[in-house]
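One structure is given below, encoded as structure tokens.
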Amino acid sequence: MTQPTGLLITFRPADTDGANPALVNRVAREVVDSLRQQQHTIEPAYTTLRSGDVYRWLVTAADAAQTLLPLVTFSAAVVQLLNELKTLTAKPDSPKPTVIIINYNAGQTAIPADSDAALLAQLLHERLPERIDPAQTSIEVQIAAPDPW
């Protein structure tokens with residue numbers, strides 16, 4: 001029997017040239033709504049973080065007796081998130097660039113929004129173990145301000 005495993009996703013302004021909170025909120029809502037329309041379960045999460053929109057993405061892949069998430073399942077979720085961001089940033093008034101940061105244990109891996117699925121899978125395979133502990137993992141989407149006209 002399988003059980004859902006929650007991955008934390010935080011949408012926040014980029015460290016440099018970050019988008020305003022209203023734009024960050026709009027991007028978060030659009031991405032989350034699109035994933036929900038594709039039958040993904042994403043719910044608001046409440047943490048002690050001071051900024052950003054935080055969600056818990058429930059991914060079903062863990063065995064009931066196992067709390068670890070296979071890297072292939074985690075990679076597929078990140079690819080899905082990356083594809084949603086690419087679709088959204090194709091619009092003229094959208095923020096660019098967007099960076100995805102994977103936090104695992106004490107390390108971080110930055111993934112540019114223009115990465116393709118193969119590059120992403122290779123990068124995650126090089127930097128993360130074959131089984132991911134969701135309690136030590138979070139995904140951060142940093143959103144930059146749109147290009148000026």
Side-chain angles (χ1 to χ4, degrees), residues 1-19 23-91 94-144 146:
M1 171 133 186
T2 59
Q3 66 182 15
T5 300
L7 295 171
L8 273 185
I9 303 175
T10 302
F11 294 84
R12 69 176 196 80
D15 292 334
T16 307
D17 298 324
L23 180 59
V24 171
N25 182 265
R26 188 191 91 200
V27 169
R29 280 183 291 123
E30 288 185 31
V31 168
V32 168
D33 287 348
S34 179
L35 290 170
R36 285 178 176 157
Q37 288 174 1
Q38 297 170 46
Q39 307 306 312
H40 292 275
T41 303
I42 301 176
E43 54 194 30
Y46 304 97
T47 68
T48 58
L49 296 175
R50 288 182 280 151
S51 66
D53 294 14
V54 183
Y55 296 89
R56 183 170 310 281
W57 186 353
L58 300 179
V59 178
T60 303
D63 187 300
Q66 181 63 262
T67 60
L68 301 179
L69 188 64
L71 180 59
V72 66
T73 303
F74 178 76
S75 294
V78 175
V79 165
Q80 183 77 36
L81 178 62
L82 188 63
N83 288 339
E84 293 303 322
L85 288 166
K86 283 181 182 181
T87 299
L88 180 64
T89 58
K91 298 176 183 177
S94 293
K96 293 175 186 68
T98 301
V99 176
I100 298 175
I101 307 288
I102 307 296
N103 298 299
Y104 186 74
N105 286 336
Q108 288 190 331
T109 301
I111 302 166
D114 60 354
S115 299
D116 65 11
L119 176 63
L120 171 66
Q122 177 185 349
L123 184 62
L124 293 178
H125 183 71
E126 291 171 358
R127 305 245 172 121
L128 299 174
E130 286 300 315
R131 296 186 89 47
I132 304 294
D133 182 355
Q136 297 179 16
T137 308
S138 66
I139 302 170
E140 184 177 304
V141 179
Q142 293 188 2
I143 300 165

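Counting from 1, the numbers follow the sequence of the chain as shown.
- Annotation: the span from Gln142 atom CD to Ile101 atom CD1 amounts to 4.5 Å, rounded to 0.5 Å.
- Of the possible donor and acceptor atoms, one in the side chain of Thr87 sits under 3.5 Å from a partner among the backbone N and O of Asn83.
- Between Glu43 and Leu58, the shortest heavy-atom contact is OE1-CD1, 4.0 Å.
- The shortest distance between side-chain heavy atoms of Ile139 and Thr10 does not fall below 4.5 Å.
- The shortest heavy-atom contact between Pro70 and Arg131 is CG-NH1, 3.4 Å.
- Between Gly6 and Pro134 the shortest heavy-atom distance is O-CB, 3.5 Å.
- Considering Ile100, Ile102, Val79 as possible partners of Leu120, the one that fulfils the side-chain contact (heavy atoms from CB on, under 4.5 Å) test is Val79.
- For the pair Leu7 and Leu69, the minimum side-chain heavy-atom distance is below 4.5 Å.
- The heavy-atom pair separating Leu8 from Ala45 by the smallest distance is CD2-CB, 3.7 Å.
- Asp133 places a side-chain heavy atom less than 4.5 Å from the side chain of Tyr104.
- Side-chain contact between Val27 and Asp53 is absent, with no heavy-atom pair separated by less than 4.5 Å.
- Annotation: the span from Leu119 atom CG to Ile111 atom CD1 amounts to 8.5 Å, rounded to 0.5 Å.
- Two residues are said to be in side-chain contact when any heavy atoms from C-beta on lie closer than 4.5 Å; Ile143 and Phe11 meet this criterion.
- Note that CD of Glu140 and CD1 of Ile9 are 12.0 Å apart. Values are rounded to the nearest 0.5 Å.
- Asn25 contributes atom CG, which lies 10.0 Å from atom CD of Glu30 (distance to the nearest 0.5 angstrom).
- Defined by atom type and a distance below 3.5 Å, a donor-acceptor pair is present between the side-chain atoms of Glu84 and Gln38.
- Separation of atoms OG1 (Thr137) and CD1 (Ile132) is listed at 5.5 Å; rounding is to 0.5 Å.
- Using a distance-only test at 3.5 Å, with no hydrogens or angles considered, no donor-acceptor pair links the side chain of Arg12 to the main chain of Val24.
- The two residues Ala28 and Tyr55 make their nearest non-hydrogen contact at CB-CE1, 4.0 Å.
- Ser115 approaches Leu82 most closely through the heavy-atom pair O-CD2, 3.3 Å.
- Side chains of His125 and Gln122 form no contact here, defined as non-hydrogen atoms less than 4.5 Å apart.
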